[in-house]
Protein chains: 2
Amino acid sequence: MTDDGPRPVKTTKTSLALVRAVRDSDGATLSELADRLDLAKSTVHNHLHTLVDEGFLVRDSDTYHVGLQFLPFSEHARNRDPLYSTARQRVYSLAEKTGNEADFIVEENGRAYTLEYAIGESTARGLSESSPFRAGNRFHMHNCASGKAMLALLSDERVREILDRWGLPATTAHTITDESTLFDELETIRRRGYATNDEELIDGYRSIGAAITGPDDAVIGAFSVGGPAYRLAVDGSSTREIAQLLLDEVDSLKSELPP
Amino acid sequence: MTDDGPRPVKTTKTSLALVRAVRDSDGATLSELADRLDLAKSTVHNHLHTLVDEGFLVRDSDTYHVGLQFLPFSEHARNRDPLYSTARQRVYSLAEKTGNEADFIVEENGRAYTLEYAIGESTARGLSESSPFRAGNRFHMHNCASGKAMLALLSDERVREILDRWGLPATTAHTITDESTLFDELETIRRRGYATNDEELIDGYRSIGAAITGPDDAVIGAFSVGGPAYRLAVDGSSTREIAQLLLDEVDSLKSELPP
DNA sequence: GTATGGCGTTCGGAATACGTGAACAGATCG
DNA sequence: CGATCTGTTCACGTATTCCGAACGCCATAC
């Protein structure tokens, strides 16, 4: 576990661990949770009750689920920056134009969060249910195109910080798990202006990503477009076309930004 | 404050109170929060750090904001029931057909949460930024059409429970603040099959709502359509047309449901 | 009909970890 | 350069959390 500053509040941590456990198991009972987190049932009891009272959990007979009280907070965060709304709308046009999946992603705390996700005509609808890019999902930065596009624009120092904290876990055989390989890749991305993901996150899935920077050159987020590997040849013309589309979209978005 | 069971976890409560305060003030500093919640700076310090570490808050120089970590949880809750996705898609068709605002709302813990929101052609886009019906917002059940539609189908006992917990605060001069008046209204709604909201939540805003019930007659959620009062005469033909549209939509949704 | 095991719940007691306040460091302002 | 904001650190005392055992409840088993 990483050192998180002076004196972490343990009680809050266990409460949050409980909520996380409930989400990960898609509904759990008190005893299950007590087992899983190695806590006394009475302790879990008290935590669950307060969390239910606050609306962050819901109790359905004896099973606890994630509550809707998270919504007002997540929507608040999602609309914090007016740019987010603007960018999110463009995701739909990207999906439509390319006929693939498109998303808008933001970095926070060294992890990537999908703020908006859309699918174009040629993609099977079923995918949206399971796609890791679906709005609200959160993943590592090193194995997705938009994540790498953003990393490429951060300082080496910050990148190292992120890698230290979250590591480079592999999800497929193609995932970059070596720090220096990643730094080489970031260099390529900087030169080329866009990033690619060649089955590094999911087998058979490729994507192309481009980062969005603010007036002060700070990274704001990234767009990416992806689809099944057979449709997106790595160095094929379609890749370059999509990359161009992304870069244009980023430019046009930037021109709309206030100073 | 309501009694929330045996032994509430105080520490978790203050952590959550901090997050709430951050959201309500749209970004706050440590000292501000310490003042507001009447806590020692050092206490707030520890809480904020753990919350940042967990991703539920973000620190921007010295101001704290709501973090994106809420997203994975809220989306989980939003997709918990597959019905939610089906219902949410219909909101768009409702908005289009009526040219007004449409939403899908769910009850949890005695409060109403907007899961999906859409605006039709004739509504000014600007509204969506401030509308209380925007996705993720949460409000009382007694002063909105869909809330009342749902209340009408709950047992009197449950309704009373909800009223006791959340009260009947007034937001306009038309808000129902009296318990027996509300029960009379619920009776009317049951007879008529749909609920109306005549400037009870926002001045100049009217809406019509219809509840969705599951195979076991349990209330699942509600649709509503609303707009400026001048466009929706209370007992005019448009109201009845929209009500019919809502009821049809509810029926068609129900026919899609598994046993 | 009774026994057993599962669940959530309650409660008293003990140790921990939370909250406080005072003192420190850095920044910004007059 | 002093005054006054920040946020940070630390030692201390006590309130709070956590535990464990006992309880009630509802199944299912026998």
Side-chain angles (χ1 to χ4, degrees), chain A residues 1-23 25-67 108-109 161 216, chain B residues 1-23 25-67 108-109 161 216:
Chain A
M1 192 153 299
T2 60
D3 182 34
D4 46 18
R7 273 201 288 186
V9 185
K10 228 176 160 185
T11 311
T12 302
K13 288 231 167 201
T14 54
S15 266
L16 296 176
L18 277 166
V19 185
R20 230 179 293 130
V22 167
R23 188 198 50 176
S25 49
D26 213 83
T29 67
L30 191 151
S31 318
E32 260 170 58
L33 294 166
D35 267 15
R36 183 102 87 92
L37 299 189
D38 204 44
L39 293 166
K41 282 198 295 176
S42 52
T43 308
V44 177
H45 177 86
N46 288 335
H47 278 268
L48 292 183
H49 269 262
T50 46
L51 288 166
V52 166
D53 182 64
E54 296 275 346
F56 290 101
L57 289 181
V58 208
R59 179 171 178 176
D60 179 39
S61 70
D62 274 344
T63 320
Y64 291 84
H65 292 277
V66 177
E108 198 172 282
N109 239 310
E161 216 176 280
D216 52 352
Chain B
M1 191 158 294
T2 60
D3 182 32
D4 45 17
R7 273 198 285 187
V9 185
K10 231 174 159 184
T11 311
T12 301
K13 288 230 166 202
T14 56
S15 266
L16 296 176
L18 277 166
V19 184
R20 227 177 296 130
V22 167
R23 188 198 51 175
S25 51
D26 213 83
T29 68
L30 191 151
S31 320
E32 257 169 60
L33 294 165
D35 267 16
R36 183 105 86 92
L37 300 189
D38 204 43
L39 292 166
K41 280 199 294 176
S42 52
T43 308
V44 177
H45 177 82
N46 289 335
H47 279 267
L48 292 183
H49 270 261
T50 47
L51 288 167
V52 167
D53 181 64
E54 296 274 347
F56 291 101
L57 289 180
V58 207
R59 181 172 178 173
D60 179 39
S61 71
D62 274 343
T63 321
Y64 292 84
H65 292 278
V66 177
E108 199 172 281
N109 238 311
E161 215 176 281
D216 52 351

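A, B, ... follow the sequence lines: proteins, then strands. Residue 1 opens every chain. Atoms considered below: every heavy atom in the structure, side chains included; atoms not considered: hydrogens, waters and symmetry mates.
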Is any side-chain N or O of [X] closer than 4.0 Å to OP1 or OP2 of [N]?
X: B:Thr11; N: D:dT17; answer: yes
X: B:Arg59; N: D:dT6; answer: no
X: B:His45; N: D:dT8; answer: yes
X: A:His47; N: D:dC18; answer: yes
X: B:His49; N: D:dT8; answer: yes

Specify the separation, in whole Å, of atom [atom1] of [X] and atom [atom2] of [N].
X: A:Leu30; N: D:dG24; atom1: CG; atom2: C1'; value: 15 Å
X: A:Leu37; N: D:dC19; atom1: CG; atom2: P; value: 11 Å
X: B:Asp35; N: D:dT4; atom1: CG; atom2: C1'; value: 15 Å
X: A:Leu33; N: D:dC18; atom1: CG; atom2: C1'; value: 17 Å
X: A:Asp38; N: D:dC18; atom1: CG; atom2: P; value: 13 Å
X: A:Asn46; N: C:dG12; atom1: CG; atom2: C1'; value: 14 Å
X: A:Lys10; N: D:dT17; atom1: NZ; atom2: C1'; value: 10 Å
X: A:Leu48; N: C:dC7; atom1: CG; atom2: P; value: 14 Å

So which atom in A:Lys13 and which in A:Pro8 form the shortest heavy-atom distance, rounded to 0.1 Å?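 Closest approach of A:Lys13 to A:Pro8: CE-CB, 4.1 Å.
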Using side-chain heavy atoms (C-beta onward) and a distance below 4.5 Å, is A:Leu37 in contact with A:Val44?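 In short, these two side chains do not touch, never coming nearer than 4.5 Å.
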Would you call B:Thr14 and A:Val9 a side-chain contact if the rule is heavy atoms closer than 4.5 Å?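 With C-beta onward as the side chain, the pair stays apart.
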Under 4.0 Å between any heavy atoms, over every strand shown, what does A:Ser15 touch: base, sugar-phosphate, or nothing? Just pick one.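 Nothing: the residue A:Ser15, judged by heavy atoms under 4.0 Å, touches no strand.
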Main-chain N/O of A:Val22 paired to A:Arg20 side chain as donor or acceptor, under 3.5 Å: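 Answer holds: no.
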Report yes or no: does A:Asn109 contribute a side-chain atom to a donor-acceptor pair with the main-chain N or O of B:Val52 at less than 3.5 Å?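 Looks like yes, one N/O pair under 3.5 Å.
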Distance criterion of 3.5 Å, no angle test: do you see the side chain of B:Ser42 paired donor-to-acceptor with the base of C:dG21?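 Between C:dG21 and B:Ser42, which were checked side chain against base, a qualifying N/O pair under 3.5 Å is present.
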Base of D:dG7, side chain of B:Thr29 - is there a donor-acceptor contact under 3.5 Å?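 When only heavy-atom distances are counted, B:Thr29 does not reach the base of D:dG7 through any donor-acceptor pair under 3.5 Å.
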Among C:dT9, C:dC18, D:dT8, the one nearest B:Tyr64 by side-chain distance: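 Nearest nucleotide to the side chain: D:dT8.
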Closest-nucleotide ordering on DNA chain C, the 5'-leading residue of B:Lys41 and A:Asp62: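 Its nearest nucleotide lies further toward 5', so the answer is A:Asp62.
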